[in-house]
Amino acid sequence: MNKLYKNARVIIDKDDIKKILDKLTDEIYNRNKNVEKLLIIGIKRRGELFARRIVESLSAKLNVLFGSLDITLYRDDLTSIDKKPIVRKTEIPFNIDDQNLLLIDDVLFTGRTVRAALTELVDFGRPKRVQLAVFIDRGERELPICPDFIGKSMKVDKSEMVEVKLQEIDEEECVLIVPK
Amino acid sequence: MCPDSSQIKGLNRKDLLGISDLDRTEIELILNTAISLKEILERPIKVVPYLRGKTAAFLFFEPSTRTLHSFSLAARRLSCDFVSVSASTSSVLKGETLLDTAKNLEAMKLNFVVVRHSSPGAPHNLARNLRASIINAGDGCHEHPTQALLDLLTIREHFGRFNGLKIAIVGDIEHSRVARSNIYGMSKLGMDVSICGPPTLIPRDIEKMGVKVYYDLKKAIEDKDIIYVLRIQKERQSKGLFPSTREYIKLYSITEDILEKYAKEDVIIMHPGPVNRGLEISVSVADSSRSLILPQVTNGVAVRMACFYLLPGGEGGGKSVRRRA
């Protein structure tokens with residue numbers, strides 16, 4: 001696996017991803033079971049995939065809608081990147097005014113992605129409330145961002161990257177720690 | 001979000017001067033980016049902060065409304081500031097050269113220069129001499145790359161593919177930078193390109209660009225998926241290259257009648273605008289459901305946004321520091 005990465009180590013395998021996601025989905029359900037409607041918005045690309053899975057599990061017992069955000073145009077580090085990242089489509093096919101939103105991302109680190117996502121969301125309307133769920137919280141925040149739901153917390157050294165691999169786009173399912 | 005390495009691709013060029021310079025992958029990158037950016041045009045607040053603090057200059061030395069407005073809107077949607085200079089109001093009237101005008105603007109900290117000029121190669125000259133990214137908005141009878149890109153985007157949205165599509169470009173090919181840019185782009189994407197017009201308006205050796213030439217409209221449109229109608233540029237017709245407008249209408253105007261008799265039932269009509277109604281195209285064809293003229297205009301804003309997004313915009317380079325969140 002992962003010929004691309006030297007010295008990469010798997011810290012969460014496929015089965016554990018499912019267990020963690022199930023637990024995360026339960027917590028989201030328990031704290032939102034009384035809301036009339038929950039708009040679940042995933043941050044591209046892997047946050048979107050987690051959001052899709054969560055929407056699928058919740059749709060039987062809760063009124064949920066699915067959307068996705070590409071935060072590329074709202075990043076704060078674009079001038080320091082040599083080549084431009086591919087812009088993908090933001091898809092929010094509903095009005096977010098006065099609605100309950102749940103934002104989902106795969107890894108929470110500095111908090112800059114979430115900051116960008118919140119700025120982008122405001123351009124679509126004024127939600128009643130925005131909650132944040134992340135699959136992994138690796139700490140080391142640089143902005144005052146605090147998640148409402150955490151799949152798994154872990155301490156990871158700044159010199160290492162946490163890479164989530166998901167079947168839909170990576171053809172494997174695991175979480176890796178990769179030295180930079 | 002963890003951007004993976006496949007996401008980090010650029011256009012790898014400072015300027016957009018012509019479609020002839022681009023390869024298929026680059027054209028597809030611009031079109032894909034335009035499709036993503038088009039979503040912004042549907043939002044309640046139609047602006048993203050991406051180009052905050054950047055500035056573009058629009059140097060238009062030939063008349064333009066659509067292209068200029070389209071570039072202006074594209075810049076606004078990405079939060080790019082701009083100044084607009086037209087030949088009639090600029091110091092060109094006082095004898096300043098194009099290059100001096102542009103260099104002076106660059107000294108005021110510019111990131112992009114969008115230029116339209118009657119001399120072929122004028123944008124290339126600026127590109128060699130300025131740090132800003134130059135976008136060719138039409139240079140003489142040479143190229144008009146963003147027009148071709150918006151046409152390609154419109155075709156892709158309608159058909160979902162390029163390969164094997166048959167198109168006839170009809171009209172004054174000789175003076176048309178739109179035709180030239182489109183021939184380059186469409187051929188690179190695997191389309192089958194034919195041109196049709198009066199012999200005096202077909203450039204010599206055009207077959208070398210890989211197109212089929214027709215002088216008879218009826219034959220040219222026979223099996224085509226798209227008919228691309230060029231504007232008869234009255235301002236470039238002082239030499240009398242066709243006998244009369246009436247004769248042109250009779251032989252080359254796209255009318256319901258001609259389409260019904262000779263074209264495929266589901267043929268699509270495109271036109272770069274502005275339309276001379278009743279001349280190169282009849283009023284009813286221009287307004288018909290087979291006309292993609294207005295979607296072309298919307299896509300114009302999207303591809304121009306994509307160009308502003310993908311070009312480095314003067315400062316380029318910079319140290320690659322990737323932050324992660």
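Proteins get letters first, then strands, A, B, ... in listed order; numbering begins at 1 in each. These numbers come from the heavy atoms of this one structure, side chains and all, not from hydrogens, waters or symmetry mates.
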Counting heavy atoms not belonging to [X], are there more than 12 under 6.0 Å from its [atom1]?
X      : atom1 : answer
A/R129 : CZ    : no
B/K38  : NZ    : yes
B/R52  : CZ    : no
B/K109 : NZ    : no
B/R290 : CZ    : yes
A/E168 : CD    : yes

- [ ] Would you check if the side chain of A/K89 reaches a backbone N or O of B/E39 as a donor-acceptor pair within less than 3.5 Å?
- [x]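 Judged by distance alone, no pair lies under 3.5 Å.
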- [ ] Give the intermediate values and the outcome of side-chain contact (heavy atoms from CB on, under 4.5 Å) for residues A/V87 and B/L37.
- [x] CA-CA 8 Å; A/V87 194; B/L37 295 175; 4.1 Å; yes
- [ ] May I ask you to name which of A/D123, A/I92, A/N95, A/V122 has the most heavy-atom pairs under 4.5 Å with chain B?
- [x]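 The answer is A/D123.
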Open item on the list: Looking only at heavy atoms and a cut-off of under 4.5 Å, which of B/V47, B/L78, B/I35, B/I45 has the most pairs with chain A?
Closed with: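 The residue among B/V47, B/L78, B/I35, B/I45 with the greatest pair count is B/I45.
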- [ ] Tell me, out of B/P49, B/P44, B/A306, who's got the most heavy-atom pairs with chain A below 4.5 Å.
- [x]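 Result: the option with the highest number of such pairs is B/P49.
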Task: Heavy-atom contact with chain A under 4.5 Å, split by part of B/L51 - done: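 Contact with chain A: none, neither part.
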Open item on the list: Is there a side-chain contact between B/R43 and A/T90 in this structure, where contact means two heavy atoms from C-beta onward sitting under 4.5 Å apart?
Closed with: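 A side-chain contact under 4.5 Å exists here.
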